[in-house]
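Just so we're clear, the structure is a prediction, and the values are computed from it rather than from any experiment.
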Amino acid sequence: MPDIWWKADPHDLHRLVDRVSSVYVERSHLDRDENAVVIINKQQTVRVPAAMVAVMLLGPGTRATHGAIRLLADSGTTVCWVGEQGVRMYAAGLGPSRGAGLLHRQAWLVTRPKERLAVARAMYSMRFPGEDVSTLTMQQLRGREGTRIRKYYRAQADRTGVPWNGRLYKAGDAFAAGDDLNRLLSAANAALYGICHAVIIGLGASPGLGFVHTGKATSFVLDIADLYKAEYTIPLAFDLAAQGLTDERDARLGLRDLIARDKLLNRIVTDVKNLLTPEGTDFDDPEANLLWDEHLGTVPGGTNYSTNADLSAHGMPDHHIAVVGPEIDDTTSAQ
């Protein structure tokens, strides 16, 4: 089985782009030592400078102190609670020290038809290596993709000897419809969505602003996951079906091992950033506290622009409710 997390000295952690690195932690304890997150398990202890990490993925069996989470938040590091090797996305927290440049860039691209089509073509070109798709419309791209996927399903059926009768899927209940092979496909795809979702959140992009898909809170997740299905989830489902392994857990664990073997998370990070900020793009992602202005563009935040700062007139009286536990007194014995 692959290592449960990327073991490395902090100087050897994989640098993805700029300050971006990713760390997956499983069956370990996270604590803080000055400006470093200390990851401890029975085998080793690793100190990771928080400022060099863009996303910390916390897998099963992980415990984290408040100090460690606070340091990661102050460093602008996204913390995602995920399943094994990131194949499920449960929750995420983002610290305040993070620019919104990538999110603004994504929103700018997705709201302009010409730029949106260019990104969609780039996505399809990743699925059709060696083919020129620079002049194809979305209708032509969808048609070509449909043909490619049908041929791929038939090729996998011939390779494994598993009968293929078409993709069956029931919205809202991915595992209710279809045969064992279809259920394996749904389970593997769900796991793939989890790791793509974690990466997108970790980079500070929006999972809902898709270029090919639209209308769902995870449209961009579906866009990115589609780049890897033919390479990972489809052949995996056919292989499992050929071996008689038909449980959802078989697909999830199988994909987990492939993700760890190929370090797929690193590849997804690179692909997302290349799609949104291709080489040659003038892009900066500084942290800034600004307010939008229709005439000036932006003005500094953190400034009171009113001559009367009485918030009660706006339904915001000067009071709040807080619940705080007692301080710990080490000199007092427990009762």
Enquirer: First locate atom CD1 of I40, then atom CZ of R63, and finally report the distance between them rounded to the nearest 0.5 Å.
Expert: 9.5 Å

Enquirer: Is it the case that the side chains of S186 and R167 hold a donor-acceptor pair, with the cut-off being a distance below 3.5 Å and no angle test?
Expert: yes

Enquirer: Answer whether the closest heavy-atom distance between the side chains of I259 and L192 falls below 4.5 Å.
Expert: no

Enquirer: Using the rule that Ile, Leu, Val, Met, Phe, Trp and Tyr join whenever any side-chain heavy atoms are under 4.5 Å apart, tell me whether Y232 and F238 fall into a single cluster.
Expert: no

Enquirer: Could you list the residues that satisfy side chain to side chain donor-acceptor pair (under 3.5 Å) with D31, not counting sequence neighbours?
Expert: T65

Enquirer: I need the single residue from L72, L57, I201 that forms a side chain to side chain contact (heavy atoms under 4.5 Å, CB included) with V79. Which is it?
Expert: L72

Enquirer: Report yes or no: does T218 contribute a side-chain atom to a donor-acceptor pair with the main-chain N or O of V221 at less than 3.5 Å?
Expert: no

Enquirer: Would you mind reporting whether Q44 and V46 have side-chain heavy atoms less than 4.5 Å apart?
Expert: yes

Enquirer: Enter the distance from L203:CG to I200:CD1 here, rounded to the nearest 0.5 Å.
Expert: 8.5 Å

Enquirer: Would the distance check show the side chain of S219 and the main-chain N or O of K216 forming a donor-acceptor pair, the cut-off being under 3.5 Å?
Expert: yes

Enquirer: Scan residues 131-140 for pairs that pass salt bridge (charged side-chain N to carboxylate O under 4.0 Å, His left out), counting only residues two or more places apart or in two chains.
Expert: E131-R144

Enquirer: Should we count CG of N35 as having more than 12 external heavy atoms under 6.0 Å?
Expert: no

Enquirer: I'd like to know if the side chain of T45 reaches the main chain of N41, judged simply by a donor and an acceptor atom lying under 3.5 Å from each other, with no hydrogens or angles considered.
Expert: no

Enquirer: For residues 118-127, pull every pair meeting salt bridge (charged side-chain N to carboxylate O under 4.0 Å, His left out), keeping only residues two or more places apart or in separate chains.
Expert: R127-E145

Enquirer: For the side chain of D250 and the backbone of D247, is there at least one donor-acceptor N/O pair under 3.5 Å apart?
Expert: yes

Enquirer: Determine all donor-acceptor pairs shorter than 3.5 Å in which one atom belongs to a side chain in residues 110-120; sequence neighbours excluded.
Expert:
residue	atom	partner	partner atom	Å
T111	OG1	A107	O	2.7
T111	OG1	W108	O	3.3
R112	NH1	W108	O	3.3
R116	NE	F211	O	3.2
R116	NH2	G210	O	3.1

Enquirer: Assigning hydrophobic clusters by single linkage (Ile, Leu, Val, Met, Phe, Trp, Tyr; side-chain heavy-atom cutoff under 4.5 Å), is Y193 placed with L253?
Expert: no

Enquirer: Using side chain to side chain contact (heavy atoms under 4.5 Å, CB included), reason through T137 and L141 one step at a time and then give a plain yes or no.
Expert: CA-CA 6 Å; T137 65; L141 290 168; over 6 Å; no

Enquirer: With distance as the sole test, does N182 use its side chain to make a donor-acceptor pair with the main-chain N or O of G166 at under 3.5 Å?
Expert: yes

Enquirer: Residues two or more places apart in sequence or in another chain: which of them pass side chain to side chain donor-acceptor pair (under 3.5 Å) with N165?
Expert: none

Enquirer: Quick one: does L71's side chain get under 4.5 Å of V37's, heavy atoms only?
Expert: yes

Enquirer: Taking all atoms of both residues into account, what is the closest heavy-atom pair of A187 and A251, and its distance?
Expert: CB-CB, 3.8 Å

Enquirer: Hydrophobic clustering (ILVMFWY, side-chain heavy atoms < 4.5 Å, transitive) - are V199 and Y228 grouped together?
Expert: yes

Enquirer: Do R32 side-chain atoms and V38 backbone N/O form a donor-acceptor pair below 3.5 Å?
Expert: no

Enquirer: So L275 and L109, do their side chains get closer than 4.5 Å, heavy atoms only?
Expert: no

Enquirer: Run the side chain to side chain donor-acceptor pair (under 3.5 Å) test against T214 and tell me which residues pass, sequence neighbours left out.
Expert: none

Enquirer: Are L181 and L245 connected, step by step, through hydrophobic side chains (Ile, Leu, Val, Met, Phe, Trp, Tyr) whose heavy atoms are closer than 4.5 Å?
Expert: no

Enquirer: Which pair of heavy atoms, one from L227 and one from M123, lies closest together, and at what distance?
Expert: CD2-O, 3.5 Å

Enquirer: Check side chain to side chain donor-acceptor pair (under 3.5 Å) between E34 and all other residues, then give those that pass, not counting sequence neighbours.
Expert: none

Enquirer: Under the salt bridge (Lys or Arg N to Asp or Glu O under 4.0 Å) test, which residues partner R150, sequence neighbours left out?
Expert: none

Enquirer: Please find the pair of heavy atoms, one from L276 and one from A205, that lie closest to each other, and give the distance.
Expert: CD1-CB, 4.3 Å

Enquirer: Out of L240, L236, I234, D180, which one pairs with L185 under the side chain to side chain contact (heavy atoms under 4.5 Å, CB included) rule?
Expert: I234

Enquirer: Rounded to the nearest 0.5 Å, what separates atom CG in L222 from atom NE2 in H197?
Expert: 10.5 Å

Enquirer: With ring pair (Phe, Tyr, Trp, His ring centres under 6.0 Å) as the rule and sequence neighbours excluded, what pairs involving residues 110-156 come up?
Expert: Y153-W164

Enquirer: Quick check: does any side chain N or O of T62 sit under 3.5 Å from a backbone N or O of G59, one acting as donor and the other as acceptor?
Expert: yes

Enquirer: Give a yes or no on whether the backbone of S206 and the side-chain of Q106 come within a donor-acceptor separation of less than 3.5 Å.
Expert: yes

Enquirer: Treat each ILVMFWY residue as a node, draw an edge where side-chain heavy atoms are under 4.5 Å apart, and state whether M126 and I149 are in one component.
Expert: no

Enquirer: Considering residues at least two apart in sequence or located in another chain, which fulfil the salt bridge (Lys or Arg N to Asp or Glu O under 4.0 Å) criterion with R159?
Expert: D239

Enquirer: Applying salt bridge (Lys or Arg N to Asp or Glu O under 4.0 Å), name anything that partners D226, two or more places apart in sequence or on another chain.
Expert: K229

Enquirer: By salt bridge (Lys or Arg N to Asp or Glu O under 4.0 Å), which residues pair with D33, not counting sequence neighbours?
Expert: R47

Enquirer: Do you know the tightest heavy-atom contact between P235 and A230?
Expert: CD-O, 3.3 Å

Enquirer: Please report the closest heavy-atom contact between L103 and G204, naming both atoms and the distance.
Expert: CB-O, 3.6 Å

Enquirer: Where is the tightest heavy-atom contact between E26 and P60, given as atom of each residue plus distance?
Expert: CG-O, 3.2 Å

